[in-house]
**Q** 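Just passing along the structure, written as structure tokens.
The residues of the chain are indexed from 1 along the displayed sequence.
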Amino acid sequence: MKKMLLCLTLSTLCFVSMNAQEFKVGFAAGLPISSSHQYSASFDASYIFNITEKFDVGLTTGFSHWFKRPAFNSGSLRILETEQVSILPIALTNRFNISKKVTLATDFGYAIPVRSPAYGSGLYFAPKIQYGISKSMDVVLGYRVAKLDYELMTSTIDMLSLGIEFKL
């Protein structure tokens with residue numbers, strides 16, 4: 001998977017016209033959907049190349065963290081405590097500009113767990129929709145999912161997030 005991601009990255013960069021480039025950073029807060037974590041947060045950094053007026057590609061990385069939920073007992077309802085999970089995604093990103101204000105984007109790549117010894121690395125996918133509120137700031141509604149190896153099985157962690165992205 002690492003070799004494939006590296007080859008894909010290098011081939012993308014070879015075909016990219018270096019006319020317009022952007023560096024963007026974003027922050028988001030999220031709610032886990034399928035996992036039993038309490039809440040989540042993320043930071044992203046992207047380097048994007050303009051291919052056409054409507055289409056951009058680039059590289060993205062960041063840090064995503066799912067906070068643990070404490071144990072809860074109430075009569076017959078029992079929720080076990082969950083552990084914290086942190087990942088470092090390394091992905092290719094593409095963006096399709098629907099209009100001057102609205103952009104659809106997807107990130108696809110590799111998730112590396114950080115300080116989570118029970119988890120192994122795995123697949124990362126993050127579709128999102130962005131709305132430009134100024135020339136250098138977007139509001140981003142997104143979903144991110146990481147499918148990680150977890151002690152002889154596969155575990156999926158995900159979040160629905162809302163955040164802000166800044167063009168530097």
**Q** Do the side chains of Lys128 and Asp107 get nearer than 4.5 Å, heavy atoms only?
**A** yes

**Q** So does Gly30 get a backbone contact from the side chain of Ser40, meaning a donor-acceptor N/O pair under 3.5 Å?
**A** yes

**Q** Are the side chain of Asp138 and the backbone of Val140 linked by a donor-acceptor contact shorter than 3.5 Å?
**A** no

**Q** Tell me the closest heavy-atom pair linking Ile87 and Ala111, and the distance in Å.
**A** CD1-CB, 4.1 Å

**Q** Same cluster for Leu162 and Val25 if Ile/Leu/Val/Met/Phe/Trp/Tyr side chains link at under 4.5 Å?
**A** yes

**Q** Report the residues that fulfil side-chain contact (heavy atoms from CB on, under 4.5 Å) with Val102, sequence neighbours left out, ordered by chain and then residue number.
**A** Ile98, Ser99, Ile129, Tyr131

**Q** Which atom names give the shortest non-hydrogen contact between Ser121 and Leu148, and what distance separates them?
**A** C-CD2, 4.1 Å

**Q** Ignoring hydrogens and geometry beyond distance, is a side-chain donor-acceptor pair present between Ser64 and Ser42 at under 3.5 Å?
**A** no

**Q** Quick one: list whatever passes side-chain contact (heavy atoms from CB on, under 4.5 Å) with Thr103, sequence neighbours left out.
**A** Arg95, Asn97, Gln130

**Q** Evaluate the ring planes of Phe108 and Phe125, with Trp represented by its six-membered ring, and classify them as parallel (under 30°), tilted (30 to 60°) or perpendicular (over 60°).
**A** perpendicular

**Q** Determine, step by step, whether Asp56 and Ile51 satisfy the side chain to side chain contact (heavy atoms under 4.5 Å, CB included) criterion, reporting the C-alpha distance in whole Å, the side-chain angles of both residues, the deciding distance to 0.1 Å, and the verdict.
**A** CA-CA 5 Å; Asp56 305 324; Ile51 301 296; 5.7 Å; no

**Q** Given the side-chain rings of Phe67 and Tyr39, with only the six-membered ring counted for Trp, is the space between their centroids under 6.0 Å?
**A** yes

**Q** With a 6.0 Å cut-off on ring centres, are Phe43 and Phe63 close enough?
**A** no

**Q** Is the backbone N or O of Lys54 less than 3.5 Å from a side-chain atom of Thr52, with the two atoms forming a donor-acceptor pair by type?
**A** yes

**Q** Might you work through the side chain to side chain contact (heavy atoms under 4.5 Å, CB included) test for Ile157 and Val145, ending with a clear yes or no?
**A** CA-CA 6 Å; Ile157 56 174; Val145 61; over 6 Å; no

**Q** If Ile, Leu, Val, Met, Phe, Trp and Tyr residues are connected whenever their side-chain heavy atoms lie under 4.5 Å apart, and connections chain through other members, are Leu31 and Met159 in the same group?
**A** no

**Q** Test side chain to side chain contact (heavy atoms under 4.5 Å, CB included) on Met137 and Ile164 and set out the steps.
**A** CA-CA 7 Å; Met137 188 168 40; Ile164 295 178; 3.5 Å; yes

**Q** Mark yes or no for whether Thr106, through its side chain, and Pro127, through its backbone, hold a donor-acceptor pair below 3.5 Å.
**A** no

**Q** What pair of heavy atoms forms the shortest contact from Glu165 to Lys24, and how long is it?
**A** OE1-CD, 3.2 Å

**Q** If we count only N and O atoms by modelled type, under 3.5 Å, do the side chains of Tyr143 and Ser161 hold a donor and an acceptor together?
**A** no

**Q** Within the side chain of Trp66, is there an N or O that forms a donor-acceptor pair under 3.5 Å with the backbone of Asp158?
**A** yes

**Q** Would a 4.5 Å heavy-atom cut-off, applied to side chains only, mark Leu59 and Leu92 as touching?
**A** yes

**Q** What's the shortest heavy-atom distance between Ser46 and Thr60, and which atoms?
**A** OG-OG1, 2.9 Å

**Q** Are Ile48 and Phe55 connected in the hydrophobic side-chain network, where two residues link if heavy atoms are under 4.5 Å apart?
**A** no

